[in-house]
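Quick note on labels: first sequence line is chain A, next is B, and so on, each numbered from 1.
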Amino acid sequence: MKPDRAAFFDQVYSVVRQIPRGRVCSYGIIARLLGGSPRLVGYALNHSHVYGDVPAHRVVNRNGLLTGKYHFATPNRMRELLEAEGVEVVEDRVVRFESLCWDPLSEIDSEPPPAR
DNA sequence: ACCATGACTATAA
DNA sequence: CTTATAGCCATGG
């Protein structure tokens, strides 16, 4: 049976809510985890504002680039939210993204801190 | 139904 | 490093 599209959106929100504070994730990782395309993840996040409890700022593209910054209230909002969690952002890019990237497949929880 | 667009990514040049 | 192409698929005109 084909997975419901609305269910996929909810799955995206569910995963994003599980991203630990101070960590980030990419659209592609979530997409692969749920068996969808990265574009759908972005689309889901675009609608995530209605839920209010989805930390969409913790999702960036595979390069750690804040590609969704223009979809927040203000372009600087995404960076500010990340920096408030201890995530360094330089030139719209997450510093040491590969170290901060949270992969639910290999890192369930209680992971060691980003370790600079 | 067709066409354009987009918070993406992989690959190639 | 950049640019171009292809694959991806929901959404809107």
Side-chain angles (χ1 to χ4, degrees):
Chain A
M1 137 170 197
K2 277 201 272 189
D4 195 75
R5 286 86 158 203
F8 179 80
F9 275 47
D10 290 335
Q11 290 274 50
V12 172
Y13 304 139
S14 179
V15 173
V16 174
R17 288 192 190 97
Q18 293 175 53
I19 301 176
R21 190 177 186 281
R23 301 294 295 275
V24 293
C25 193
S26 75
Y27 303 92
I29 290 177
I30 298 173
R32 197 174 289 261
L33 175 70
L34 301 179
S37 95
R39 289 206 183 269
L40 303 189
V41 177
Y43 228 101
L45 286 177
N46 194 352
H47 283 246
S48 68
H49 65 94
V50 288
Y51 294 80
D53 61 341
V54 180
H57 59 280
R58 295 179 188 152
V59 185
V60 298
N61 81 345
R62 72 171 187 91
N63 293 313
L65 202 60
L66 277 54
T67 49
K69 58 179 288 189
Y70 295 110
H71 292 264
F72 283 78
T74 68
N76 290 331
R77 186 61 181 167
M78 189 174 187
R79 174 180 54 79
E80 291 169 354
L81 288 170
L82 287 171
E83 290 177 339
E85 298 182 353
V87 178
E88 298 177 73
V89 177
V90 176
E91 292 292 302
D92 291 338
R93 196 163 24 182
V94 173
V95 178
R96 292 182 61 79
F97 165 72
E98 294 195 1
S99 297
L100 294 176
C101 184
W102 176 76
D103 185 348
L105 289 180
S106 52
E107 310 179 38
I108 304 306
D109 63 337
S110 56
E111 268 300 300
R116 194 174 70 97

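Straight-line distance from the CG atom of A:L34 to the P atom of B:dT9: 14 Å, rounded to whole Å. One atom, CG of A:L65, and another, P of C:dT2, lie 10 Å apart when rounded to the nearest Å.
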Could you write nucleotides 2-7 of chain B as a row of B, S and -, 5' to 3', where a protein heavy atom under 4.0 Å of any base atom gives B, of only sugar-phosphate atoms gives S, and otherwise -? ----BB
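Within the 4.5 Å cutoff, the side chain of A:L66 has heavy atoms near those of the A:L82 side chain. Within the 4.5 Å cutoff, the side chain of A:M78 has no heavy atoms near those of the A:H71 side chain.
A:Y13 pairs by the ring-ring contact (aromatic ring centres under 6.0 Å, His included) definition with A:Y51, not counting sequence neighbours.
Not a single donor-acceptor pair under 3.5 Å links the side chain of A:R93 to the backbone N or O of A:L65.
Each of A:F9 and A:S37 was assigned the nucleotide of DNA chain C with the nearest heavy atom; the assignment lying further toward the 5' end belongs to A:S37.
Checked against A:K69 for a side chain to side chain contact (heavy atoms under 4.5 Å, CB included), the options A:D92, A:T74, A:V89 give a single hit: A:D92.
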